[in-house]
Trainee: 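Supplied in structure tokens, the structure appears directly below.
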Amino acid sequence: MVNAAKVTREPFGSLPEAQRRLLLELGPRWNDDIVGHRKIVIDCYTPLVAAAPRNEAGVRRDLAYGASPRQTLDLFEPADGVADAANAGARADGLRDAVLFVHGGAFVRGSKSVNGEIYDNVCHWFANQGVVALNVEYRLADEAPYPGGAEDVADAIAYVRSHAQAWRIDPSRIFLIGHSAGGAHAAACLFDPALAARVAQSDIAGLVLISARLFADVDPRNPNAGPVRAYFGDDGALYAARSPLTHAARSDVPLLIAVAEFENRFLDRYGAQFFVDVLRHRGVPPRFIQMRGHNHTSIVAHFNSGEAYLGGEILRFMASVAR
């Protein structure tokens, strides 16, 4: 079920034509001005997702899973009668799938709700499909350098699991989705040996990495080299050991990797390498999606706008995971 008025699979197809052309044109120039281009994308999508259907009565804000003001999450519950699309209908036991979404921000900035719409739109879309969605905030590099962000995601998972019965969540059907730096933290939870004691592999039914930074690098061509150093530390000799890409063989959790055609430099490369390394380990490929036309921000900003290809692929991935 997709509840937006206009449903499309075309990149930016839900936007007015002038905005669609604008975003298609800036894609090849994305890395020339990431901050400025990000603002353009958010400005284009904000009014569209603000007008999209949602269950405001089912949203609970700033639930604390830790002591820091940033250790909070928002709960988005489906409206009564909305079937869980990942399970192809309502379940006799009344339990629902859940997704935890972890936003990006280059380790040093960002919030779970940029302007009251982005990234709430991701969770509203999943709630519209009958899936309980959690929007996770976490501490930034200045307060919690490596592995602090990943530890926060692990604590958020534990918090959600402890409330699964109250929120009618199937504890065996909790999926983790991370975008950008949030993808690094999500991947670290399940692949980094430093986090092995924090999250059991069985705690998460599946992992979705969207435009994730899976390797810590401070290459001068990396526009976020400074933030990477702020989170992972000044000792470059430690970067490989602290990168999820190094530990691709440590987890067998079902995996979907999505990248945009126009990424923050190197993120598409790291996503493809992670796919190859996981394939070598498992012998069975994880799912891999490239969102043609999209950029590092629009790959999540488009959720609940009427363009539903990536969301639909994630639901199919969830449905494919054995119960």
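None of these values were measured; they are calculated from a predicted model. Sequence positions, counted from 1, serve as the residue numbers for this chain.
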Trainee: Could you tell me the separation between the CG atom of Asp219 and the CG atom of Asn224, rounded to the nearest 0.5 Å?
Mentor: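 So the CG of Asp219 and the CG of Asn224 are separated by 12.5 Å.
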Trainee: For the pair Thr246 (side chain) and Ala240 (backbone), establish whether a donor and an acceptor sit closer than 3.5 Å, ignoring hydrogens and angles.
Mentor: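 At least one qualifying donor-acceptor pair exists.
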Trainee: Please determine whether residues Ile314 and Trp125 belong to a single hydrophobic cluster, defined as Ile, Leu, Val, Met, Phe, Trp and Tyr linked transitively by side-chain heavy-atom distances below 4.5 Å.
Mentor: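 Ile314 and Trp125: one cluster.
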Trainee: If two hydrophobic side chains count as joined below 4.5 Å and joins carry through other members, does Ile204 share a cluster with Val136?
Mentor: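 In one cluster with Ile204: Val136, yes.
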Trainee: Take the angle between the ring planes of Phe317 and Phe175 and call it parallel below 30°, perpendicular above 60°, tilted in between.
Mentor: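 The arrangement is perpendicular - the two ring planes meet at more than 60°.
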Trainee: Find the distance between NE2 (His302) and CE (Met291) and round it off to the nearest 0.5 Å.
Mentor: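 One finds 4.0 Å between NE2 of His302 and CE of Met291.
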Trainee: Using modelled atom types only, decide if a donor and an acceptor are shared between the side chain of Asp152 and the backbone of Leu140 within a distance under 3.5 Å.
Mentor: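 Side chain of Asp152 to backbone of Leu140, a donor-acceptor pair under 3.5 Å: no, none is there.
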Trainee: Ion pair present between Arg292 and Glu261, side-chain N to carboxylate O less than 4.0 angstrom?
Mentor: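 Yes.
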Trainee: Measuring from atom CG of Asn128 to atom CG of Asn304, what distance do you get when rounded to the nearest 0.5 angstrom?
Mentor: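 Output value for this atom pair is 5.0 Å.
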Trainee: Please lay out, stage by stage, how Leu255 and Phe275 fare under the test side chain to side chain contact (heavy atoms under 4.5 Å, CB included).
Mentor: CA-CA 9 Å; Leu255 176 65; Phe275 169 86; over 6 Å; no
Trainee: Can you confirm whether Asn135 sits close enough to Val122 that some side-chain heavy atom of one is under 4.5 Å from a side-chain heavy atom of the other?
Mentor: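 Counting from C-beta outward, Asn135 and Val122 never come under 4.5 Å.
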Trainee: Do you see a donor-acceptor pair shorter than 3.5 Å between the side chains of Asp74 and Ser113?
Mentor: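 Ser113 and Asp74 do not have a side-chain donor-acceptor pair below 3.5 Å.
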Trainee: What are the two closest non-hydrogen atoms of Tyr119 and Ser111, and how far apart are they?
Mentor: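 Nearest pair, atom of Tyr119 first, then Ser111: CD1-O, 3.5 Å.
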Trainee: Flag the pair Arg29 and Asp33 as a salt bridge only when some basic side-chain nitrogen lies within less than 4.0 angstrom of an acidic carboxylate oxygen.
Mentor: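 Salt bridge: no.
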Trainee: Quick one: CZ on Arg242 to CG on Asp192, what's the gap to the nearest 0.5 Å?
Mentor: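 Arg242 atom CZ to Asp192 atom CG measures 9.5 Å (nearest 0.5 Å).
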Trainee: Is there a donor-acceptor pair closer than 3.5 Å between any side-chain N or O of His281 and the backbone N or O of Asp277?
Mentor: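 Looks like no, no N/O pair under 3.5 Å.
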Trainee: Show the nearest heavy-atom pair for residues Ala186 and Leu207, with the distance to one decimal.
Mentor: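 For Ala186 and Leu207, the tightest heavy-atom pair comes out as CB-CD1, 3.9 Å.
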Trainee: Before giving the answer on side chain to side chain contact (heavy atoms under 4.5 Å, CB included), spell out for Ile40 and Gln19 the whole-Å C-alpha distance, their side-chain angles and the decisive distance to 0.1 Å.
Mentor: CA-CA 9 Å; Ile40 291 171; Gln19 291 183 337; over 6 Å; no
Trainee: Check this for me, if you would: do Glu77 and Arg168 make a salt bridge, where the nitrogen-to-carboxylate-oxygen distance has to be below 4.0 angstrom?
Mentor: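 So Glu77 does not pair with Arg168 through a salt bridge.
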Trainee: Any link between Leu24 and Phe262 through a network of hydrophobic side chains (Ile, Leu, Val, Met, Phe, Trp, Tyr) touching at under 4.5 Å?
Mentor: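 Yes, Leu24 and Phe262 fall within the same hydrophobic cluster.
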Trainee: Walk me through it: do Val102 and Ile177 pass the test side chain to side chain contact (heavy atoms under 4.5 Å, CB included)?
Mentor: CA-CA 6 Å; Val102 189; Ile177 303 174; over 6 Å; no
Trainee: Kindly compute the distance separating NE2 (His37) from CG (Leu22), expressed to the nearest 0.5 Å.
Mentor: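 Between His37 NE2 and Leu22 CG, I get 8.5 Å after rounding to 0.5 Å.
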Trainee: Check Phe232, Tyr138, Phe101, Tyr146 against His185 for a ring pair (Phe, Tyr, Trp, His ring centres under 6.0 Å) and give me the one that passes.
Mentor: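 The option that passes is Tyr138.
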Trainee: May I ask you to check whether His294 and Ser298 show a side-chain donor-acceptor distance below 3.5 Å?
Mentor: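 Short answer, yes.
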Trainee: Does the pair Val259 and Leu267 meet the rule for a side chain to side chain contact (heavy atoms under 4.5 Å, CB included), with working shown?
Mentor: CA-CA 8 Å; Val259 298; Leu267 296 192; over 6 Å; no
Trainee: Could you tell me which non-hydrogen atom of Val49 sits nearest to which non-hydrogen atom of Phe303, and how far apart they are?
Mentor: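 Smallest heavy-atom distance, with atoms named: CG1-O, 3.4 Å.
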Trainee: Evaluate Arg70 against Glu137 for salt bridge (charged side-chain N to carboxylate O under 4.0 Å, His left out), listing each step before the verdict.
Mentor: CA-CA 6 Å; Arg70 287 190 65 92; Glu137 193 66 279; 2.8 Å; yes
Trainee: What's the shortest heavy-atom distance between Ile118 and Ala301, and which atoms?
Mentor: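 The pair with the smallest heavy-atom distance is CD1-O, 4.1 Å.
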Trainee: Can you see whether Glu263 engages Ser211 through a side-chain donor-acceptor pair at a distance of less than 3.5 angstrom?
Mentor: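 A donor-acceptor contact under 3.5 Å links the two side chains.
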Trainee: Side-chain contact, heavy-atom cut-off 4.5 Å: Asp234 with Arg229?
Mentor: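 Yes, their side chains come closer than 4.5 Å.
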Trainee: Can Leu176 be reached from Val160 by stepping across I, L, V, M, F, W or Y side chains whose heavy atoms are under 4.5 Å apart?
Mentor: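 Yes: a chain of side-chain contacts under 4.5 Å links Val160 to Leu176.
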Trainee: Are Arg96 and Asp84 close enough for a salt bridge, meaning some N to O gap below 4.0 Å?
Mentor: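 Salt bridge absent between Arg96 and Asp84.
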Trainee: Is there a donor-acceptor contact under 3.5 Å from the side chain of Arg280 to the main chain of Ala249?
Mentor: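 Side chain of Arg280 to backbone of Ala249, a donor-acceptor pair under 3.5 Å: no, none is there.
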Trainee: Do Gln273 and Phe215 come close enough that some side-chain heavy atom pair is under 4.5 Å?
Mentor: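 Result no, sub-4.5 Å side-chain heavy-atom pair not found.
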Trainee: Which heavy atom in Arg287 sits nearest to a heavy atom in Glu313, and how many Å separate them?
Mentor: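 Nearest heavy atoms, Arg287 then Glu313: NH1-O, 4.3 Å.
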Trainee: Could you check whether any side-chain heavy atom of Tyr45 comes within less than 4.5 Å of a side-chain heavy atom of Thr297, counting everything from C-beta outward?
Mentor: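 No, every pair of side-chain atoms sits at 4.5 Å or beyond.
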Trainee: Under 3.5 Å, is there a donor-acceptor pair between the side chain of Arg161 and the main chain of Pro171?
Mentor: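 Pair found, side chain donor or acceptor close to backbone of Pro171.
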Trainee: Return the minimal non-hydrogen interatomic distance between Arg198 and Asp155, and the atom names on each side.
Mentor: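 What the structure gives for the nearest pair is NH2-OD1, 2.8 Å.
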Trainee: Should the pair Tyr270 and Phe266 be assigned to parallel (<30°), tilted (30 to 60°) or perpendicular (>60°) ring geometry?
Mentor: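 Because their plane-to-plane angle lies in the 30° to 60° range, the rings of Tyr270 and Phe266 count as tilted.
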Trainee: Count the heavy atoms belonging to other residues, nucleotides or ligands that lie under 6.0 Å from CZ of Arg61, then report whether that count exceeds 12.
Mentor: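 Counting neighbours around CZ of Arg61, more than 12 heavy atoms of other residues, nucleotides or ligands fall under 6.0 Å, so yes.
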Trainee: With under 30° as parallel and over 60° as perpendicular, where do the rings of Phe274 and Phe191 fit, or are they tilted in between?
Mentor: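 Aromatic pair Phe274/Phe191 classed perpendicular.
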Trainee: Would you confirm whether Arg20, through its side chain, and Pro11, through its main-chain N or O, come within 3.5 Å as a donor-acceptor pair?
Mentor: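 Checked: pair present.
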Trainee: Hey, is CG on Asp93 packed in by over 12 heavy atoms from elsewhere, all under 6.0 Å?
Mentor: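 Counting neighbours around CG of Asp93, more than 12 heavy atoms of other residues, nucleotides or ligands fall under 6.0 Å, so yes.
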Trainee: Going from CG on Leu245 to CG on Leu214, what distance comes out if it is rounded to the nearest 0.5 angstrom?
Mentor: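 Interatomic distance, Leu245 CG to Leu214 CG, rounded to 0.5 Å: 6.5 Å.
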Trainee: Any heavy-atom pair between the side chains of Gln290 and Asp268 that's under 4.5 Å?
Mentor: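 Heavy-atom side-chain distance check fails, nothing below 4.5 Å.
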Trainee: Could you tell me whether Glu56 atom CD has more than 12 heavy atoms of other residues or ligands within 6.0 Å of it?
Mentor: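 Yes - once you tally the heavy atoms of other residues, nucleotides and ligands closer than 6.0 Å, there are more than 12.
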